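Step one of this worksheet: look at the structure below.
As the structure is a computational prediction, the values presented were derived from the model and not from experiment. Just so we're on the same page: letters track the sequence lines, and every chain starts at 1.
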Amino acid sequence: MVKERIERVKGTRDLLPEDMAKRRWVFERIREVFEVYGFKEILTPTFEYTKLFQLRSGEEVVKQLYAFKDKGGRDISLRPDLTSSVARLFVNKFQNAPKPVKWYYITNMFRYEEPQSGRLREFWQAGVELIGSANIEADAEVIALMIESYLATGLREFTVNIGDRVLLDEFAKMLGVEDDIGLMRLIDKKDKMSREDFIASLKDFGLSDDAVEKVLFLIELKGKPDEILPGAYELFKSDKAKEELKKIEELFELLKAYGVEKYALIDFGIARGFDYYTSIVFEAIAPNDLGIGSIGGGGRYDNLIGVFGGKPTPATGFAIGIERLIPILESKGLLPSFRLSPDVFVVYIGKELEVKAKAIEITQALRKAGIKAEYDLQGRKLRKALEYADKLEIPVVVILGKRDLAEGKATIRDMATGEQKSVAIEKIVEEVKEMLG
RNA sequence: GCCGGGGUGGUGUAGCCUGGUUAGCACAGGGGACUGUGGAUCCCCUAGCCCGGGUUCAAAUCCCGGCCCCGGCCCCA
């Protein structure tokens with residue numbers, strides 16, 4: 001016989017019962033916060049026309065699509081994020097809905113990248129989109145929500161670092177740099193290299209000594225607003241930049257009102273990709289030794305709806321990377337432990353149908369009472385059945401044999417103490433409930 | 001797409017450099033010793049060299065290609 005082993009597809013993961021229990025717990029914590037903030041859950045299709053994702057361009061983006069032709073010859077891609085789909089949905093059906101539109105999603109995404117630490121080809125994100133408000137309150141709302149989402153999972157050591165694309169643009173203009181994207185790309189990499197290498201790469205990029213000084217000054221603008229903003233007001237002279245700085249100042253005032261300002265920092269070196277963000281951008285960082293950088297991020301994208309053919313509509317949002325968050329929570333011992341085994345194991349002795357049937361009836365009665373119960377489908381001998389229950393740490397075993405049955409009773413065993421009692425069959429549910437507390 | 005390190009029963013591993021008995025060990029799984037009482041012991045069973053090609057009398061072992069894993073680069077919406 002030829003056995004061909006089928007492997008998992010590269011960059012994908014099998015999620016086992018323990019994994020699912022953890023994920024479900026984390027999803028629920030996050031979902032609760034999303035809901036109390038008034039966001040409503042949506043889900044768009046797993047795949048869309050490739051065109052949808054190409055529209056907001058970026059050659060890299062297209063290269064990392066999981067793209068294919070379907071049988072009808074359509075060019076299709078698995079969604080690399082939900083923002084594009086949400087924008088499409090909004091343009092298709094919700095342009096005249098009352099504003100703001102507040103949506104959230106918890107689902108999987110696909111990107112064709114080389115897998116590495118904290119990066120798979122299929123991954124899950126929990127995110128929100130807030131569409132229809134250009135006010136800084138909308139930015140504050142989603143940033144506060146992001147912070148509270150992490151707090152809900154028990155995480156405490158993290159910061160949400162806030163940057164601004166307008167300021168980076170103004171900065172590039174100030175330096176007379178035409179390739180502003182190239183400059184942002186370099187600035188984004190600042191933490192990955194030594195100061196000397198960073199300076200060298202800036203010079204290679206063509207910056208004058210004076211401009212290099214300014215860049216170094218800019219990336220030092222990282223911290224609490226009262227420490228940072230005075231320096232920022234000195235660095236930026238244009239009206240547009242000053243106006244933007246005022247917004248950020250207000251943003252932090254609002255975050256104070258939300259009660260989450262201690263988790264928020266200014267970091268003007270944050271660029272977060274280069275395609276659709278237009279103003280405030282932010283990313284969440286949680287110190288860890290797992291090699292995991294950002295655990296989530298987002299920002300304002302005021303042009304995207306227009307790009308997709310809608311009337312220009314401001315929007316902001318964020319996404320939390322579940323595959324990055326869970327290992328961090330786990331390494332900090334913040335995840336509860338989950339019991340997957342049943343609470344009661346019903347064992348019958350012998351092969352008689354009558355006994356077997358009674359065991360099933362007892363199991364069903366327990367289940368109807370909401371108790372996680374199983375009976376021994378393997379038909380093990382009592383000794384093996386107890387070993388099994390012990391191994392799975394099942395706290396209560398109900399033993400049913402002909403002798404018990406003759407008296408209309410069953411034996412209930414407390415696996416921790418080994419204590420047993422003989423109980424009338426109709427009293428079993430009641431008795432077990434009491435034992436399980 | 002590129003670079004480095006890996007891939008031996010379900011899991012963890014020895015063996016690989018230096019090719020040569022039946023690929024060893026531990027745990028897990030199933031059964032028995034023990035026909036109504038667990039965490040112990042003993043015995044038995046199940047199950048493996050990632051795939052393909054090459055070199056060789058002989059390949060888990062050496063060579064080439066592919067796939068997958070771990071990590072890094074690019075990129076990270």
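Nearest to the side-chain atoms of A:Ile399 among the listed nucleotides B:rC76, B:rG31, B:rG36 stands B:rG36. Each of B:rG72, B:rG30, B:rA77 was ranked by its minimum atom distance to the side chain of A:Gln64; first place goes to B:rA77. The A:Asp390 side chain lies nearest to B:rG39 when the options are B:rC74, B:rG39, B:rU37. Here the side chain of A:Ile349 is nearest to one of B:rA77, B:rG36, B:rG31, namely B:rG36. Here the nucleotide nearest the side chain of A:Lys381, chosen from B:rG36, B:rA77, B:rA33, is B:rA33. The side chain of A:Tyr276 has B:rA77 as its nearest neighbour among B:rU37, B:rA77, B:rG72. Distances were taken from every side-chain heavy atom of A:Met415 (C-beta onward) to each of B:rG72, B:rC75, B:rG38; the shortest belongs to B:rG38.
A:Arg13 comes within 4.0 angstrom of the backbone, heavy atoms only, and of no base. Within 4.0 Å of A:Gly11, counting heavy atoms only, lie sugar-phosphate atoms of the nucleic acid but no base atom. Among the heavy atoms of the strands, none lies under 4.0 Å from A:Thr83. Residue-level contact check: A:Lys402 touches the bases, meaning some heavy atom is under 4.0 Å from a base atom. Using a 4.0 Å heavy-atom cutoff across all strands shown, A:Gln420 reaches at least one base atom of the nucleic acid. Across all strands, A:Lys189 comes closer than 4.0 Å only to sugar-phosphate atoms, never to a base (heavy-atom distances). A:Thr411 comes within 4.0 angstrom of a nucleotide base, judged by non-hydrogen atoms across all strands. Looking at heavy-atom distances under 4.0 Å, A:Glu387 makes contact with sugar-phosphate atoms alone, never a base. Among the protein residues, A:Gly418 comes within range of the nucleic acid bases, having at least one heavy atom under 4.0 Å from a base atom.
Exactly one of A:Phe158, A:Tyr263, A:Phe318 qualifies for a ring-ring contact (aromatic ring centres under 6.0 Å, His included) with A:Tyr150. That residue is A:Phe158.
In terms of polar N and O atoms assigned as donor or acceptor, the side chain of A:Arg119 comes within less than 3.5 Å of the base of B:rC75 in a complementary pairing. The base of B:rA77 is paired with the side chain of A:Arg111 by a donor and an acceptor separated by under 3.5 Å.
For B:rC42 and B:rA58, the P atoms lie 44 Å apart once the distance is rounded to whole Å. For the C1' atom pair drawn from B:rC49 and B:rU13, the interatomic distance equals 13 Å after rounding to whole Å. B:rU22 and B:rG15 are spaced 15 Å apart, taking the C1' atom of each and rounding to whole Å. For the C1' atom pair drawn from B:rG19 and B:rA59, the interatomic distance equals 6 Å after rounding to whole Å. Comparing B:rC63 with B:rG4, their P atoms sit 15 Å apart, to the nearest whole Å. Using C1' as the reference atom, B:rU11 and B:rG29 are 11 Å apart when rounded to the nearest Å. Rounded to whole Å, the separation between the P atoms of B:rA23 and B:rU61 comes to 15 Å. Comparing the C1' positions of B:rG1 and B:rC75 gives a spacing of 11 Å, expressed to the nearest Å.
Under the Watson-Crick or G-U wobble criterion, with both distances below 3.5 Å, B:rA33 is paired with B:rU41. Across all strands shown, B:rU11 is found opposite B:rA26 as a Watson-Crick or G-U wobble partner, with both distances under 3.5 Å. With a cut-off of 3.5 Å on both pairing distances, the Watson-Crick or G-U wobble partner of B:rG4 is B:rC70.
A cation-pi arrangement is absent between A:Arg79 and A:Phe47 under the rule of less than 6.0 angstrom and at most 45 degrees off the ring axis.
Contact annotation: A:Gln116 side-chain N/O to B:rG72 OP1/OP2 distance is under 4.0 Å. Distances shorter than 4.0 Å separate some side-chain N or O of A:Lys391 from OP1 or OP2 on B:rG29. Distances shown here put a side-chain N or O of A:Arg272 below 4.0 Å from the OP1 or OP2 atom of B:rA77. Between A:Arg380 and B:rG30 there is a side-chain N or O to OP1 or OP2 distance below 4.0 Å.
Rounding to whole angstrom units, NZ of residue A:Lys10 and C1' of B:rG6 are separated by 14 Å.
Positionally, the nearest nucleotide of RNA chain B for A:Arg383 lies more toward the 5' end than for the other of A:Val9 and A:Arg383. Heavy-atom distances to RNA chain B give each of A:Leu400 and A:Glu113 a nearest nucleotide, and the one nearer the 5′ end belongs to A:Leu400.
Between A:Phe34 and A:Trp103, a ring centre-to-centre spacing not shorter than 6.0 Å is recorded. You'll find the ring centres of A:Tyr276 and A:Tyr301 inside the 6.0 Å limit.
Between A:Tyr37 and A:Tyr258, the ring planes lie parallel to each other; the angle is under 30°, not in the 30° to 60° tilted range.
Looking at A:Arg272 and A:Glu283, a side-chain N of the basic residue comes within less than 4.0 Å of a carboxylate O on the acidic one, giving a salt bridge.
Between A:Val26 and A:Leu325 the shortest side-chain heavy-atom distance falls below 4.5 Å.
For A:Glu393, the CD atom counts as loosely surrounded, since its 6.0 Å shell holds 12 or fewer non-hydrogen atoms of other residues, nucleotides or ligands.
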